[in-house]
Amino acid sequence: MNDQQLVILLNEMTLEEKIAQLQQLAANFYEGAESGGQITGPMEAMGITDDMIINSGSVLGLSGAEQVIAVQEAHLRKNRLGIPLLMMADIVHGFKTIFPVPLAIGCSWDLERTERSAEIAAKESAVSGVHVTFAPMADLVRDPRWGRVMESTGEDPYLNGLYARAFVRGFQGSDLKGDVNRMAACVKHFAAYGLSEGGRDYNTVDLSERHLREYYLPAYRAALDEGAEMVMTSFNTIEGIPVSGNVKLLRDLLRDEWGFDGVLISDWGAVKELIPHGVAEDEAEAALKTIRAGVDIEMMTACYVHQLPKLVASGQVEIPLIDEAVLRILQLKERLGLFENPLRGADPAAEREVVFCEEHRTAARELAAKSCVLLKNEQVLPLAPGQRIALIGPFAASGDILGPWSWTGSTEDAVKLDAAMKARAGAGQITVAEGSGIDTFSEELWLEAEAAAQAADVIVLALGECSEMSGEAGSRSDIRVPEAQRELLLRLKALDKPLVVVLFNGRPLDLSGVYDLADAVLEAWFPGSEGGAAITSLLYGDENPSGRLSMSFPVAVGQIPVYYNHFNTGRPLGAPDADARYVSQYLDIPNEPFLPFGYGLSYTTFDYSEPVLSGDQMTGGQPIQISVTITNTGAVAGEEVVQLYIRDISGEVVRPMKELKDFAKISLSPGESRELTFILTEEQLRYYHSDLSFASDPGKFELFVGPNSRDAKARGFRLELAAVENKRHVLS
């Protein structure tokens, strides 16, 4: 159908049919679903009628080709105008083949493999009948207490934007209608959900518009520039207004300024939540404010279907406001080809061949290995052939390594660490003991672990969080490894054996009581379906760790938020003319993160030459080239992530101490050198000023090249702008 035909279809719809298109319901409501008809509790209280179900526009959380086909066919038999359903689900880091959680993927600094992971997730989802995924999450995160940091790619707006684009390319491809192996992407959570106060889920957000535009909006914009079809609103407030009813953010900025004409959906229940937020006294006011703000689809509350007919009748809502929302939904269905092919890619036979196939599992293993970050190594890793290994800890033989938002994955099918290590080294070389539970300690388990450790040459201790301890509603005030596991580690340390800790978790942790006691620490995150195999390949040196942190690790929770691209103060620590006490500092811990953004070790070492600049002056038309030579000074091949940062010494508003502007991931053989050249342009120096204009300021800058945000070599240059260039340009 073309747009004219869609308008004709729209005009044939009754008001009730139009409004029902704006309703998203869970699979339980639909004939043909395994759980169809099981409507109890809160769902029953929604008061959804059969007519509302027949005319509804989309389904939440339904997958499996046979189920989707059954639901779609049953729906089309009943729907008067034959308008197909949209099938939407949270396919965040894989469908059945589960990849590492997004925060781990962020640590890979590998955009090609990131795109490939989304392409595979789309292929498995599409053949199983899913049309839309609620991903990528482009939220900037700086507070690891918030459980949903695992869904983000980290704390840097530039890097997050690159990942957002890669995910959208992977999910959607270049021909969404013609390629039934792809799916539509819905970028979330718009906006600034990652700034939830206190790191507590669903909580308040308060920030300036300049700060919002500078740091929190760029990654969403990047996803939309890449063509993301949908946007999901966030649960939080912005300037005291819940996002789902925020006209300034959704209609003025997203719709009018950015020109987004795709579908805007609320998060689960967020429309009705305007009532407890305190900006709507009832469902009618919640529906009124949300439709005026431009939200097209209400997820899992029923304010629209119950209240919009009355609001239209009273003249408070005009029909064109509803028509524009319905038309956007119909246009998305057309872009997915659902009017011509309502079953799209759903195919039970192909599903059996494609889902969790060997090719996809190999890709998952490769990305998991690239996502692990070696945090410490006192010449213990890699493990040597013939060493007797005691594999101890609650994750030694656990399948709980997929992480949150892996609802179609199988912990039973996950490659567990004990099985992978036995396959690599031989079962006789590996002794496995649980040692403790996630948060329980017993002498019985300890005695088993002690015996295994006493007979071993090296202890590998698999510790961390269970999947329920992070993700949505997984906020924690104490982000240390649970006490029971720290007790296990402390006792094993007393045995005076080399001790390797492998961490499974969904957030940066406070590593006190772990890092200092271990001889080596490998951050594995929740590595996904092939996690055990990927970790084993790194432990034995079959692969060289190359992951680098995309989110800083704190010294202690009292530092949070702690991040690399922070501002200076008028009394910075270490200022030569400052009183030693009256500076911006803690009395008991450092200001800086324990492990900085961009950090990660390798089994080899890399040497950086001094950066060489093509000149010490940049103009609007003349960029600066930065050349640096990287040498592998170790004995094995390895990959290095070479990172370029800048600092604007004097801006119209204060500027960060460092800002990532580019990076390159290179592979070098032992003794090999390679010269890299970065090009830095005036456009990369622009930022939002106090009047929200987007421009650069002439003056002094520093640039830094190095392996992370802390350990980098600096050079200075100046930006000179002609008078005409010095005018600020508002970003359209």
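Since this is a predicted model, take the numbers as computed values, not measurements. Heavy-atom basis, side chains included; hydrogens, waters and symmetry copies ignored.
Looking at Glu119 and Arg169, no side-chain N of the basic residue comes within less than 4.0 Å of a carboxylate O on the acidic one, giving no salt bridge. Contact check on Arg335 versus Asp261 returns no salt bridge, with no Lys/Arg side-chain nitrogen under 4.0 Å from an Asp/Glu carboxylate oxygen. Of the charged side-chain nitrogens involved, none lies within less than 4.0 Å of a carboxylate oxygen, so that Glu530 and Arg365 do not count as a salt-bridged pair. Here Arg116 does not pair with Glu112 in a salt bridge; the nearest charged N to carboxylate O distance is not below 4.0 Å. Contact check on Glu229 versus Arg182 returns no salt bridge, with no Lys/Arg side-chain nitrogen under 4.0 Å from an Asp/Glu carboxylate oxygen. Look at Glu334 and Lys177 and you find a salt bridge, because one of the NZ, NE, NH1 or NH2 atoms lies within 4.0 Å of a carboxylate O, short of that distance.
Atom CG of Leu332 is separated from atom CE of Met88 by 6.5 Å, given to the nearest 0.5 angstrom.
The closest donor-acceptor contact from the side chain of Lys665 to the backbone of Ser108 lies under 3.5 Å. Judged by distance alone, the side chain of Lys333 and the main-chain N or O of Pro84 form a donor-acceptor pair under 3.5 Å.
Note on ring orientation: taking the six-membered ring where Trp is involved, the planes of His211 and Tyr216 are tilted (angle from 30° to 60°). Relative ring orientation between Phe190 and Trp258 is described as perpendicular, the plane-to-plane angle rising above 60° on a 0-90° scale split at 30° and 60°.
Side-chain atoms of Ser550 and Tyr163 form no donor-acceptor pair, as typed in the model, at a separation below 3.5 Å. Using modelled atom types and a 3.5 Å distance limit, the side chains of Ser128 and Glu351 yield a donor-acceptor pair.
Residue pairs meeting the ring pair (Phe, Tyr, Trp, His ring centres under 6.0 Å) criterion with at least one member in residues 108-146, sequence neighbours excluded: Trp109-Phe597, Trp109-Phe663, Trp146-Tyr193.
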Check your understanding: What's the verdict on side chain to side chain donor-acceptor pair (under 3.5 Å) for Asp400 and Thr411, showing C-alpha distance, side-chain angles and the deciding distance?
Key -> CA-CA 6 Å; Asp400 185 19; Thr411 57; over 6 Å; no
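Proximity of Leu86 to Leu336: side-chain heavy atoms (C-beta onward) are separated by under 4.5 Å at one or more points.
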